[in-house]
Amino acid sequence: MVNELQEAAQNTITQWAWLIPLFPLAGVLINGFFGKKLSKTTVGLLACFTVLCSFLLSIACVAQLAGMPVDARRVIVDVFPWIAAGTTKIMFGIMLDPLSSVMILVVSGVGFIIHVYSLGYIENDPGYKRFFTYLNLFTFSMLVLVLANSLALLFVGWELVGLCSYLLIGFWYHKDSAADAGKKAFIVNRVGDFGFLLGMLAIFWIFGSLNFKDIFHTLEINAAVTPWFMGAGTMPVKTALSAATPILGLPLVTIITLALFLGATGKSAQIPLYVWLPDAMEGPTPVSALIHAATMVTAGVYMVARLSMLFALSSTTMMVVAIVGAATAIFAATIGLVQNDIKRVLAYSTVSQLGYMFLACGVGAFSVGVFHLMTHAFFKALLFLCYGAVIHSCEHAFHDAGSHADPQDMRNMGGLWKYMKITWFTFLIGSMAIAGVPGLSGFFSKDEILWKAFNAPFSLTIGGFPLGSILWAVGALAAVMTAFYMFRLIFMTFHGKERLPQNAHPHESPPAMTIALIVLAFAATVGGYVGVPHVIKDMGINVGNESFYKWLEPVFEPAQTIIAEGGALEAIDFSNGGEEVGVQNTLAAGITGLNFAKHGQEGIITPEAGNVAVAHRESENEAAATHSEKQSAHENVALEKKLMNISIVLALLGIFVAFIMYNRNPQIHHDIREGLGVIHTVLLNKYYVDEIYYYTIVLPGRVFSEFFLWKFFDVCIIDGIVNGVALLVRGVSAVVRRIQTGVVMNYALVIVIGILAILAYYIF
Amino acid sequence: MDQVQFPILSFIVFSPLVGAALCLLCKKGETARMTALLTSIVNLAFCLLIPLKFDPLSAAFQFQEKKEWIASLGISYHLGIDGISYLLVLLTSIITLVCVLSSWNYIQKKLKEYYMFMLLLEVGMLGVFLSMDLFLFYIFWEAMLIPMYFLIGIWGGERRVYAAVKFFIYTMVGSVLMLVAILALFFIHKEVAGFASFDIMDVMKIVLPAKVQIWMFAAFALAFAIKVPMFPFHTWLPDAHVEAPTAGSVILAGVLLKMGTYGFLRFTMPLFPYAARYFSPLICTLAVIGIIYGALVAMVQVDVKKLVAYSSVSHLGFVMLGLFALNMQGIEGGMIQMINHGFSTGALFLIVGMLYERRHTRLISEFGGLAKVMPVLFTFFLITTLSSIGLPGLNGFVGEFLILVGSWQNNIYLTMLAATGVILAAIYMLWMFQRMMFGEVKNPKNKNLKDLSLREIIVLLPMMLFIFWIGIYSQPFMRPMDATVENFIKNFNVKYKATVELPEGSTGLILDESDLELSEE
């Protein structure tokens, strides 16, 4: 198979892109099977080397991809068949396009840096070899996820990264809290996977395939499909997708995308399934950086972006995505304000930032969402690794000083900047980036998200305000909080009074770790310049040339077109028409006719009517859109500048408040805390969401299963009946047994009577 | 009909019988043990000849052997193998070999008898899968019960007698009804066709009136549903599993439960297609209840063997859901899931058995922190657990996914409910896994447990091989099914249509060979 492809593609590098995930897999196999015999250094270096290979090959592939014509930037390589039954054929294969190329670079690049960092971080842990094997397995799985050519293979990667997350959160499995957290992560994710699975099944039965290429192509040309419902009728795909479902009468596409989005909320820790991520901080810090900040948790965003064409068809889903994103952004930020465990603050911050990414996707700005995904990968990995260095250092220092103080609790720190200057400086860069200080990567991406949110294409208004402006306000408020809690971290750990235990002397980390920090700090600084917003160009500063957005344009163009033209599908009721028409094949045509009638033209009932109807509607909307666009284009630039200034002021405000409260006059924050009273307690306890889930779902489920299903229904009812019947039989046979007297004469008598009876029957 | 010179299927079925006889002749138990091992290796070798010669593109029975037995009643000794039985035969042979090896040290008393029963059981199981004559099938079906009864009753745990009797009676109740139905079918066939035959090649051609189909389906289905076991006929399973010795549990889960699903696929569905469609909503509903119920009850078990037993109820619910989706994806998914369950649950029981040998307890709470003490066992246990949860890349997912794909087309709402099994499986398996493997080693008895021996690793390796193989590259396993299942569905539809078109008051109809062949085009 490979040979054929090679011939066809003239031996280009991209044809070998399927090797990218296989390098780390080789690392897993070698270290997994022979790790015991290899030295520690070999295991660690091998693990790093395999990821480096992936990274280099990724660069080569992306470079070649960039050299291709814009329209041709999609390389698909089918490697071998995985599942085949009847018409269901699923191949293992990869798809390299601008979106997946961004992802592989981030995953293998940041992954490599974190592998190197781990060499130093995990050096003295007895589970050293196990750690690198899992870490390689993760890199493999994540690369499979982002390179997958079908939704099914994406799901494979999706589940495998979940497994790695499970194993790595529970890396120190002897701690009950770690084992609990791992299990929680897996199970909560499974709830999301349930949605993913259903969405996937529905897609399969509409499109007849799970291949991205097939799905996109079918959507693009609105090809005729044979969906599972209503017998075997054939209809254009968009008609099928707009079938009204019994669930609130929503169109099918809305239900499918919402189901998929449930999957995304699991993996990417959004409301209501975010609860696992803060607990996931039980894992070693490099794991938190790689899996639970930079890469795996963004898989949900990636999935939504990957299927942007489908999501764009449902304005309801898009609105839900945007609202959930914004709500999560602010919800998690409020919790982050008061936590004392460093990693918890960073965890809630990740949840919050992921919310921004979904907000971007929800308002149709997929490329901005992916841009924030990338910049976030840089600065959040950096922040985690810095704090890894702090925790690592404090752990040793506290241990040496004979103290049992918690090395993750900021209340035991302060003034650390003197001891670890590189860590302090790089952390400062990371914090400024996430806080949205102008000039750093986070500023460009976050500001663009807020701007897009403000211009959200939703018609909904709440209390007179368009939804978009509310989303903007929520996002902006969360941004202030972000700036505040990040600088609260800085002031509490690196500055102010030293609250370290006596005789504790933290020190800077080994070079493997500090080099990683510096590289990431560099990326977090300049990483944003590939996507400088248009408005800044208008101000006369022209850097980066928006290359990031241009790069992703071919991927998101179809979705953008759908949104711009207001092409989201409305629900069509199929059920009534079906009975009237009777014949299934003409059914679809009849319905599209109905749809058509709404637009004032009647009489054409052909299978193509749906296409015409859609095209008709699209052209209508297009005309309206271009008109209003021109009119407001000028005002927009002014408004965008204004909003940008507001967000800069807000970021600085957050930093300033943190400075006052935690550095200048620490007494203030004690006063404020007391002033807040209950609110502070609620925030500190994370709104008691874990407790609510426990008492409403976990505990009742367990009690119901144990006492009702098992001990009552299974043991009493079913077995009761079975044993009851057995007793009854025994009772009856005890009576009947007496007939079996054992006296031969009696039997003979019975036989004779029997024969006489039969004879009598036949004679008379 | 391709008659083969060498009666390979007879060799497969009866080589363990020879081994069993030899076991009895041995003076020492250890010799019997070795005999059993060699016999099962020879048996596997015979079985492995099948993939070499099996034509995956043919829907027909292959390697057929036919000898008249009781000519007046149309009973013949007729064996054959097709895409439905192909994998199950291989599974049986592999599982038996694994079981003989796994019992090596565990069984200390009455070795001779133990291994004899084990091999007799294998004869019964292979006979059931390979019989092409209803009468022969029934004999093997019943014969299989006896060695299992003794395996549980003699080498089982404390409540072994209760469990063995419960197992026996539960199954007998179903079997008796099935016997009645088989006889009724025989007489109707004789009347309609004009000659006596128990041969399924003949019997398959009959189209019965809808009402008759419904009654007969019910009788067959009860027998098979108990065996599967489907909710609410499952309560014999936890007792039998808990009390059976390890190998007994492995065979029970690995092969015996498949007898039920196999029976549905081989007899109940093709013989009574009208009734199959009529009962499909009921059976699918029971299957989904089984999936959720089994999982929830498994979650709260304190005895790990019981947990695995209830998880089987859940998994077999998936299989039934797939089979009764009555389409390619569902049936093939159900079939591959039978094999998957054999390997995954088989491996789980083996692992639990290995722990039991060391600690003589099955209570989850007695363990904890074993990951540190037994890293090799930990790895095997982890893989098996993940396979059972249905992690993509391992075998369980392939089956579950195809079943859901198939079932979706049949009934969306039931499929959605069934898909919650994905969440529940993760809950009960991971919770159990955590309590046994993670945390500190709190129980001093667990501090110095020995990790797996080489023999134990060898026992588990084949299971792991298939867990990965089916998960990553399922083609070699799925391909032999394709032709058979495709043909199955076509014939099913032809017979269904014929049933509907049957004139009122007709006692039945014999389809021409050409009617069924026509459908193969």
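Since we're looking at a predicted model, the values are computed, not measured. A note on names: the letters A, B, ... follow the listed sequences, proteins ahead of strands, and every chain is numbered from 1.
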Legend entry - Flag side-chain contact, heavy atom, 4.5 Å: A/Phe708 against A/Val703: no

Inset, instruction - With B/Arg435 as the cation and B/Phe367 as the aromatic partner, state whether NZ or CZ is under 6.0 Å from the six-membered ring centre and within 45° of the axis. - result: no

Legend entry - Toward chain B, the part of A/Ala202 with a non-hydrogen atom under 4.5 Å: both

Inset, instruction - Could you tell me which portion of B/Thr420 (side chain, backbone, both or neither) has an atom closer than 4.5 angstrom to a non-hydrogen atom of chain A? - result: both

Legend entry - Max heavy-atom pair count under 4.5 Å with chain A, selected residue of B/Ile427, B/Ile470, B/Val173, B/Val165: B/Ile427

Inset, instruction - With the side chain counted from C-beta on, respond yes when B/Asn446 and B/Leu370 share a heavy-atom pair under 4.5 Å apart, and no when they do not. - result: yes

Legend entry - Selection from B/Ile489, B/Ile389, B/Ile331, B/Ile336 maximising heavy-atom pairs under 4.5 Å formed with chain A: B/Ile389

Legend entry - chain B contacts, top residue of A/Leu160, A/Val156, A/Leu153, A/Leu709 (heavy-atom pairs, under 4.5 Å): A/Leu709

Inset, instruction - Indicate yes or no: at least one non-hydrogen side-chain atom of A/Pro24 is less than 4.5 angstrom from one of A/Leu143. - result: yes

Inset, instruction - Using only heavy-atom distances, determine whether the side chains of B/Tyr293 and B/Ser314 contain a donor-acceptor pair under 3.5 Å. - result: no

Inset, instruction - Examine whether an atom of A/Trp205 lies under 4.5 Å from a heavy atom of chain B, and if so say whether it belongs to the side chain, the backbone or both; otherwise answer neither. - result: side chain

Inset, instruction - Check whether B/Leu402 gets within reach of chain A through its side chain, its backbone, both or neither, counting any heavy atom under 4.5 Å. - result: side chain

Legend entry - Check: A/Leu197 and A/Phe155 side chains under 4.5 Å, non-hydrogen atoms: yes

Inset, instruction - Heavy atoms only, distances under 4.5 angstrom: which of B/Met478, B/Met437, B/Gln475 has the most pairs with chain A? Name it, please. - result: B/Gln475

Legend entry - Region of B/Phe477 that comes under 4.5 Å of a non-hydrogen atom in chain A: neither

Inset, instruction - Could you tell me which portion of B/Ile412 (side chain, backbone, both or neither) has an atom closer than 4.5 angstrom to a non-hydrogen atom of chain A? - result: side chain

Inset, instruction - Measure distances from B/Leu424 to the heavy atoms of chain A and classify the residue's part below 4.5 Å as side chain, backbone, both or neither. - result: neither

Legend entry - Interchain contact, A/Val722 with chain B, by part (heavy-atom threshold 4.5 Å): side chain

Legend entry - salt bridge (Lys or Arg N to Asp or Glu O under 4.0 Å) assessment of B/Lys166 paired with A/Asp719: CA-CA 10 Å; B/Lys166 197 172 179 181; A/Asp719 254 7; 2.6 Å; yes

Legend entry - Contacting moiety of A/Asp176, where chain B heavy atoms sit under 4.5 Å: both

Inset, instruction - Name the region of A/Ile721, side chain, backbone, both or neither, that has any atom closer than 4.5 Å to a heavy atom of chain B. - result: neither

Legend entry - Non-hydrogen side-chain atoms of B/Leu237 and B/Ser312 separated by less than 4.5 Å: yes

Inset, instruction - Would you indicate whether the side-chain heavy atoms of B/Tyr413 and B/Asn411 approach each other to under 4.5 Å? - result: yes

Inset, instruction - Examine the side chains of B/Trp469 and B/Asn395 and answer whether a donor and an acceptor come within less than 3.5 Å of each other. - result: no

Inset, instruction - Give me the one residue out of B/Leu321, B/Leu326, B/Asn327 that meets side chain to side chain contact (heavy atoms under 4.5 Å, CB included) with B/Ser407. - result: B/Leu321

Legend entry - Under 4.5 Å from a heavy atom of chain A, the part of B/Met416 involved: both

Legend entry - Residue part contacting chain A, namely of B/Leu386, when any heavy atom lies under 4.5 Å: side chain

Legend entry - Segment of A/Asn189 engaging chain B (4.5 angstrom heavy-atom cut-off): neither

Inset, instruction - For the pair A/Glu159 and A/Arg190, find out whether any cationic side-chain nitrogen is under 4.0 Å from an anionic carboxylate oxygen. - result: yes

Inset, instruction - Against chain B, work out which of A/Asp180, A/Asp714, A/Leu167, A/Leu163 has the most heavy-atom pairs shorter than 4.5 Å and name it. - result: A/Asp714

Inset, instruction - Please state whether the side chain, the backbone, both or neither of B/Tyr162 comes within less than 4.5 Å of a heavy atom of chain A. - result: side chain

Legend entry - B/Gln409 versus chain A, the contacting section by heavy-atom distance below 4.5 Å: both

Legend entry - chain A contact via B/Phe233 - which portion, at a heavy-atom distance below 4.5 Å: neither

Inset, instruction - Sort A/Ile90 into side chain, backbone, both or neither according to what part of it lies under 4.5 angstrom from a heavy atom of chain B. - result: side chain

Legend entry - Contact class of A/Tyr166 relative to chain B, heavy atoms under 4.5 angstrom: side chain

Inset, instruction - Begin with the C-alpha distance, continue with both residues' side-chain angles, and end with the deciding distance and a verdict on ring-ring contact (aromatic ring centres under 6.0 Å, His included) for B/Phe401 and A/Trp82. - result: CA-CA 12 Å; B/Phe401 182 71; A/Trp82 176 33; 7.3 Å; no

Inset, instruction - Would you mind checking which part of B/Trp431 comes under 4.5 Å of any heavy atom in chain A, side chain (CB onward), backbone (N, CA, C, O), both or neither? - result: both

Inset, instruction - Would you mind telling me which of B/Ala371, B/Pro375, B/Ala295 has the largest number of heavy-atom pairs within less than 4.5 Å of chain A? - result: B/Ala371

Legend entry - Side chain proximity check, B/Leu296 to B/Tyr428, heavy atoms < 4.5 angstrom: no

Inset, instruction - Show your working on ring-ring contact (aromatic ring centres under 6.0 Å, His included) between B/Phe433 and B/Phe378 and close with a plain yes or no. - result: CA-CA 9 Å; B/Phe433 191 74; B/Phe378 166 79; 5.8 Å; yes

Legend entry - Under 4.5 Å from a heavy atom of chain B, the part of A/Leu198 involved: both

